[in-house]
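The next block holds one structure in the form of structure tokens; read it before the comments.
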Amino acid sequence: MSLKTKKLFNIYEKLLKLYGLQGWWPLIDFKGTNPTKTGSVQGYHPGDYSFPRNELQQFEICIGAILTQNTAWPNVEKALLNLKTINALDPKKILFLEDKKLKQAITPAGYFNQKAKKLKLFSKFYISLKGKTPAREELLDVWGIGPETADSILLYAYKQPEFVVDAYTRKVFGPCFDEGFNSINSDATYDDIKLLFEINLPRDYKLYQEFHALIVEHAKNIGKK
DNA sequence: AACCAGGACGTGA
DNA sequence: TCACGTCATGGT
């Protein structure tokens, strides 16, 4: 086991001890519980990596990944609930939904003009997959799907071992990159950081899911003070 | 009352 | 390539 591997596992264990299992990705149709969460956000399922269990849950995760771009999750949840209320949490329904109604439903998540376009384009793409797992490059070719959204979709909706890098990852690991991981500094690119994790950790989607969720939880906590 | 959230795209240099 | 502006609502 390399030094970097040991360091990453060490950090993972510390975060796990601090915050416990996170149970990402949250699903609005699943009434899970997670004592580390507060507020209205439900549907986390700590320790259960069997989700998504059907195509609708899978699609919901994809839509959530798009809606949460630069947006706090509680706002996304409101948008998802609105879509569910009008029975539109489904690729075909979204594709044929009036623009005005779609934008109205997702208003709480912000950027509703851009995101309405993104949801329609992704729905079309999702239908074209016919149940197949998309390649990362295919996802990136879809307008509105960048590296983080693509990796979130692959990791949480398709259980693919793609490590997700976000602003929180940089916040938490920035100092570590400068000190202990001397091949990568804090201005490393998205792919640099992604590869650091993927090269030095076993390709395990459960580990990647939990690690990323823990990083987000930790980043939120250190941001408060 | 600013500030920022689980980013991505378009533009000009 | 890369730095910067844009997109928009809701919570603190």
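So that the names make sense, note that chain A is the first sequence line, chain B the second, and so on, each numbered from 1.
- Taking the side chain of A/Trp143 as heavy atoms from C-beta on, and the options B/dG10, B/dA5, B/dA8, the nearest nucleotide is B/dG10.
- Between the CG atom of A/Asp141 and the C1' atom of B/dA8 there is a distance of 14 Å, given to the nearest Å.
- For the pair A/Leu140 CG and B/dC9 P, the interatomic distance rounds to 9 Å; values are reported in whole Å.
- Between the P atoms of B/dA1 and C/dA8, the separation comes to 24 Å (whole Å).
- A residue-by-residue look at A/Ala65 and A/Ile145 shows that A/Ala65 has its nearest nucleotide of DNA chain B further toward the 5' end.
- One interatomic measurement links the two molecules: CD1 of A/Ile106 to P of C/dG10, which rounds to 12 Å at whole-angstrom precision.
- A side chain to side chain contact (heavy atoms under 4.5 Å, CB included) with A/Ile63 is found for exactly one of A/Leu119, A/Thr68, A/Ile106, namely A/Leu119.
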Could you list, one pair per line, each protein nitrogen or oxygen that sits under 3.5 Å from a nitrogen or oxygen of nucleotides 5-8 of chain C, together with the distance?
from	atom 1	to	atom 2	distance (Å)
C/dC7	O2	A/Gln114	OE1	3.4
C/dC7	O2	A/Gln114	NE2	3.4
C/dA8	OP1	A/Tyr111	O	3.4
C/dA8	OP1	A/Phe112	N	3.4
C/dA8	OP1	A/Asn113	N	2.8
C/dA8	OP1	A/Gln114	N	3.1
C/dA8	OP2	A/Asn113	ND2	2.9
C/dA8	O4'	A/Tyr111	N	2.8
C/dA8	N6	A/Tyr111	OH	2.2
C/dA8	N1	A/Tyr111	OH	2.7

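- What you find for A/Leu140 and A/Ala150 is that their closest heavy atoms are CD2-CB, 3.8 Å.
- Rounding to whole angstrom units, CG of residue A/Asp166 and C1' of B/dC4 are separated by 14 Å.
- Between A/Phe211 and A/Tyr12, the ring-plane angle classifies as perpendicular under the 30° and 60° cut-offs.
- Rounded to whole Å, atom C1' of B/dA8 lies 14 Å from atom CG of A/Leu119.
- At a cut-off of 3.5 Å, with distance as the only test, no side-chain donor of A/Asp151 or A/His212 sits close to an acceptor on the other residue.
- Across all their heavy atoms, A/Ala213 and A/Tyr156 have their closest contact at N-OH, 3.9 Å.
- In this structure, the nucleotide among C/dG10, B/dC9, B/dA8 sitting nearest to the side chain of A/Asn75 is C/dG10.
- A/Lys220 has no side-chain polar atom (N or O) that falls below the 4.0 Å cut-off from OP1 or OP2 of C/dG11.
- If you measure from atom CG of A/Leu121 to atom P of B/dC9, you get 11 Å, rounded to the nearest angstrom.
- Side-chain atoms of A/Gln69 and A/Lys115 form no donor-acceptor pair, as typed in the model, at a separation below 3.5 Å.
- A straight line from CG of A/Asp192 to C1' of C/dC2 spans 15 Å, rounded to a whole angstrom.
- The OH-P distance, from A/Tyr190 to B/dC9, rounds to 13 Å in whole Å.
- A/Tyr205 and A/Glu162 form no side-chain donor-acceptor contact under 3.5 Å, judged by distance and modelled atom types alone.
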